[in-house]
Amino acid sequence: MKDNKQWYLQGIKDGIPIALGYFVVSFTLGIIARNIGINALEATIISFTNNASAGEKIAFEVIAADSGFIAMAIATLTTNLRYLLMSCALSQKISPKTPFFHRLLIAYDVTDEIFGISIAAPGYLNPFYSYGAMTVALPGWALGTGFGVICGNIMPARLLVALSVALYGMFIAVVIPPTKKNKVLAAVVPISMIVSAIFTFAPVLKEIDSGYRTIILTIVISLIAALLFPVKEETKDNQSTVAD
């Protein structure tokens, strides 16, 4: 069984590709921040405390519109509701013996990509694995935003859009490997992609806010999969609990 140090180092290793993807994608947010008058230091702090692309973009839009704190709180809460679902799922991955402060720190940085590698980790999730991933992912996101402000519009907009595809490629790399070992996941992933595409382009459905759309699809697809293919209780031989 791995100890805390080994899990921490494994988290760093798995988090490096995420950090690189974050740095590239948050560059675009940095340009948005610059255009509304936010300097590099402010943008870096904002990204370090709000590691969510859609939520941060919404926050910048609210700042640009000078709509106030209440509007910002409601907008970011709505946009980031999907992380509540991820946290609920992740709570089932954590050992009941895990102390509250570890749960609190893990919850601080539940992003799509870190959630993906955390769920894929064998056995119970060791908090130090999450800390390792966060050690490189958080600075990658925050520094990318800051450098985006500094560079401004020096880089062509088309190049920035092209580079942002890296994040999607990275997420696919996180999702695809587990499907090779699980037939249910192998079926659910493409079905989810197809249904998501329908919601994105179909009349009426496409008018649903993207944040709500993600929540609806996650709940419905997960519920159907859970009802049709319930997971059998198994003894977790390779438990990844916090080492004493």
Side-chain angles (χ1 to χ4, degrees), residues 15 18-88 104-116 130 133-168 170-171 196 199-200 206-218:
I18 295 177
L20 295 175
Y22 280 177
F23 185 89
V24 172
V25 175
S26 62
F27 215 90
T28 307
L29 284 173
I31 291 179
I32 296 175
R34 175 184 178 275
N35 290 340
I36 62 176
I38 297 177
N39 63 42
L41 178 60
E42 293 169 338
T44 301
I45 294 175
I46 290 173
S47 279
F48 194 84
T49 55
N50 181 31
N51 198 4
S53 56
E56 193 168 338
K57 184 176 183 295
I58 288 293
F60 286 158
E61 292 176 354
V62 173
I63 292 173
D66 195 22
S67 299
F69 293 114
I70 295 178
M72 180 180 296
I74 295 174
T76 52
L77 175 63
T78 302
T79 305
N80 294 332
L81 272 178
R82 71 184 186 278
Y83 295 124
L84 175 61
L85 299 175
M86 294 182 189
S87 295
C88 289
L104 189 64
L105 291 175
I106 292 174
Y108 167 61
D109 200 28
V110 178
T111 65
D112 301 74
E113 293 74 29
I114 292 181
F115 170 79
S130 296
M134 291 163 59
T135 297
V136 288
L138 270 172
W141 183 261
L143 293 176
T145 309
F147 275 101
V149 175
I150 295 173
C151 293
N153 292 319
I154 296 177
M155 297 179 66
R158 291 184 178 180
L159 177 58
L160 290 174
V161 172
L163 289 174
S164 67
V165 177
L167 186 63
Y168 298 98
M170 176 189 62
F171 193 63
S196 179
F199 268 67
T200 301
K206 68 179 180 181
E207 302 302 327
I208 301 175
D209 178 82
S210 60
Y212 284 121
R213 186 165 62 232
T214 301
I215 293 171
I216 293 172
L217 292 176
T218 301

**Q** At what distance, to the nearest 0.5 angstrom, does SG of C151 lie from CD1 of I31?
**A**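 If I round to the nearest 0.5 Å, the distance is 8.0 Å.
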
**Q** Checking I18 against V136 for the side-chain contact (heavy atoms from CB on, under 4.5 Å) test, could you report, in this order, the C-alpha distance in whole Å, the side-chain angles of both residues, the deciding distance, and whether it holds?
**A** CA-CA 8 Å; I18 295 177; V136 288; over 6 Å; no

**Q** When you compare the side chain of V149 with that of T44, does any pair of heavy atoms fall below 4.5 Å?
**A**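 Counting from C-beta outward, T44 and V149 never come under 4.5 Å.
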
**Q** Does I70, at its CD1 atom, have more than 12 non-hydrogen atoms belonging to other residues, nucleotides or ligands within less than 6.0 Å?
**A** no

**Q** Just checking, any donor-acceptor pair under 3.5 angstrom between side chains of Y22 and T111?
**A**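 Yes, because at least one side-chain N or O of Y22 sits under 3.5 Å from a partner of the opposite role on T111.
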
**Q** Below 4.5 Å, heavy atoms only, C-beta onward: do D112 and M86 meet side chain to side chain?
**A**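 With C-beta onward as the side chain, the pair touches.
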
**Q** S47 and A142: which non-hydrogen atoms are nearest, and at how many Å?
**A** CB-CA, 3.6 Å

**Q** Looking at every non-hydrogen atom in both residues, tell me the closest pair between M134 and P139 and how far apart they are.
**A**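 Looks like O-CD, 3.6 Å.
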
**Q** Taking atom CD of E42 and atom OG1 of T145, what is their separation to the nearest 0.5 Å?
**A** 13.0 Å

**Q** Taking W141's backbone N and O only, do any of them form a donor-acceptor pair with S26's side chain (distance below 3.5 Å, no angle check)?
**A**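 Side chain of S26 to backbone of W141, a donor-acceptor pair under 3.5 Å: yes, one is there.
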
**Q** Answer whether the closest heavy-atom distance between the side chains of K206 and T200 falls below 4.5 Å.
**A**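 No, too far: nothing below the 4.5 Å cut-off.
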
**Q** Check whether any side-chain heavy atom of I38 lies under 4.5 Å from a side-chain heavy atom of I46, and answer yes or no.
**A**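 SC-SC contact between I38 and I46 confirmed.
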
**Q** If you define the side chain from C-beta out and look only at heavy atoms, does anything of F147 sit under 4.5 Å from F27?
**A** yes

**Q** Find the distance between CD1 (I114) and OG (S130) and round it off to the nearest 0.5 Å.
**A**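 Between I114 CD1 and S130 OG, I get 7.5 Å after rounding to 0.5 Å.
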
**Q** Are the side chains of F48 and L143 in touch, meaning some heavy atoms are under 4.5 Å apart?
**A**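 SC-SC contact between F48 and L143 ruled out.
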
**Q** Could you go through the side-chain contact (heavy atoms from CB on, under 4.5 Å) check for I150 and R34 one step at a time?
**A** CA-CA 8 Å; I150 295 173; R34 175 184 178 275; over 6 Å; no

**Q** Distance check, rounded to the nearest 0.5 Å: L29 atom CG versus K57 atom NZ?
**A** 8.5 Å

**Q** Quick check, are the ring centers of Y83 and F115 under 6.0 angstrom apart?
**A** no

